[in-house]
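Numbers restart at 1 for each chain; the letters A, B, ... are given by sequence-line order, proteins then strands.
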Amino acid sequence: AQSVAQPEDQVNVAEGNPLTVKCTYSVSGNPYLFWYVQYPNRGLQFLLKYITGDNLVKGSYGFEAEFNKSQTSFHLKKPSALVSDSALYFCAVRDKGSTLGRLYFGRGTQLTVWP
Amino acid sequence: EAQVTQNPRYLITVTGKKLTVTCSQNMNHEYMSWYRQDPGLGLRQIYYSMNVEVTDKGDVPEGYKVSRKEKRNFPLILESPSPNQTSLYFCASSLGLGTYNEQFFGPGTRLTVL
């Protein structure tokens, strides 16, 4: 079975400080991993993904994520948070070996960056 | 502009009155999917389609129907809506059948069933 866990419902950070949004996953094979962001009253927007290769992937708006196979984690990070980063963030996983297009999402983490 | 569109964006209806939420994409994507988003539960997949006339159930298909007669359209049908189907619905599409492709999401449809 495939699943994603985002252990924190909320993350609060001061503007200018680094931020981390945590994600752990479970798949039977090797994973494709994704981060999406949802701003209020909007659909989800793709941020970044890990397919293969370098464990550190860079995405939109200065975000990056590190794939850690031994810890089955894919934490989202940003060196310096902005108030405009405040949004709902979703981690998602798909098994590489799956022939289906299904994507499994975590429950989401609400990030609040205060001035 | 490449996009996924959904209509209506907001809908209030009553129990048992059939409704359809339309979804259309202009990117020639093979894969399309419907999700519902509920507080504390994240996104759960309702149905997905790998191509025209190819659909399959997701995690929460009960009470929903879909069809894929054209590549660009993937409507979601609620034959007899019930209050537990009050939710925020998203349509998404992605290129090909490749599992590494990111999904593009529509703006969402907020449905209230009284």
For atom CZ of B:Arg68, is the number of surrounding heavy atoms from other residues, nucleotides or ligands below 6.0 Å larger than 12? yes
Between B:Gly108, B:Ser33, B:Pro107, which residue shows the highest count of heavy-atom pairs closer than 4.5 Å to chain A? B:Pro107
Where do B:Tyr100 and A:Ile51 come nearest, in terms of heavy atoms and distance? CB-CD1, 3.8 Å
Taking A:Trp114 as the starting point, is it possible to reach A:Leu82 by hopping between hydrophobic residues whose side chains are less than 4.5 Å apart? no
Sort B:Arg9 into side chain, backbone, both or neither according to what part of it lies under 4.5 angstrom from a heavy atom of chain A. side chain
In the single-linkage hydrophobic clustering (I, L, V, M, F, W, Y; side-chain heavy atoms under 4.5 Å), do A:Val37 and A:Leu33 co-cluster? yes
List the atom of B:Tyr35, the atom of A:Leu103, and the distance in Å for their closest heavy-atom pair. OH-CB, 3.7 Å
Gap separating the CZ atom of A:Phe105 from the CG atom of B:Leu41, nearest 0.5 angstrom: 14.0 Å
Should A:Tyr36 and B:Leu43 be regarded as members of a common hydrophobic cluster, given that ILVMFWY residues are connected when their side-chain heavy atoms come within less than 4.5 Å of each other, either directly or indirectly? yes
How close do A:Phe90 and B:Gln37 get, counting heavy atoms only, and between which atoms? CZ-NE2, 3.3 Å
More than 12 foreign heavy atoms under 6.0 Å from CZ of B:Arg110: is that the case here? no
Should we count CG of A:Asn41 as having more than 12 external heavy atoms under 6.0 Å? no
Give, for atom CD of B:Glu102 and atom CG of A:Leu44, the distance between the pair rounded to the nearest 0.5 Å. 13.0 Å
Largest heavy-atom contact set with chain A, pairs under 4.5 Å, which of B:Gly40, B:Gly106, B:Cys91, B:Ala92: B:Gly40
Can you tell me which portion of B:Asp59 sits under 4.5 Å from chain A's heavy atoms? Options are side chain, backbone, both or neither. both
Let me check something: do B:Leu19 and B:Val60 share a hydrophobic cluster, defined by ILVMFWY side-chain heavy atoms less than 4.5 Å apart, either directly or through other members? yes
Does NZ belonging to A:Lys22 count more than 12 external heavy atoms closer than 6.0 Å? no
Which bit of A:Leu88 comes within less than 4.5 Å of chain B, counting heavy atoms only: side chain, backbone, both or neither? side chain
Search all heavy atoms of A:Gln38 against all heavy atoms of B:Leu88 and return the closest pair with its distance. NE2-CD2, 4.3 Å
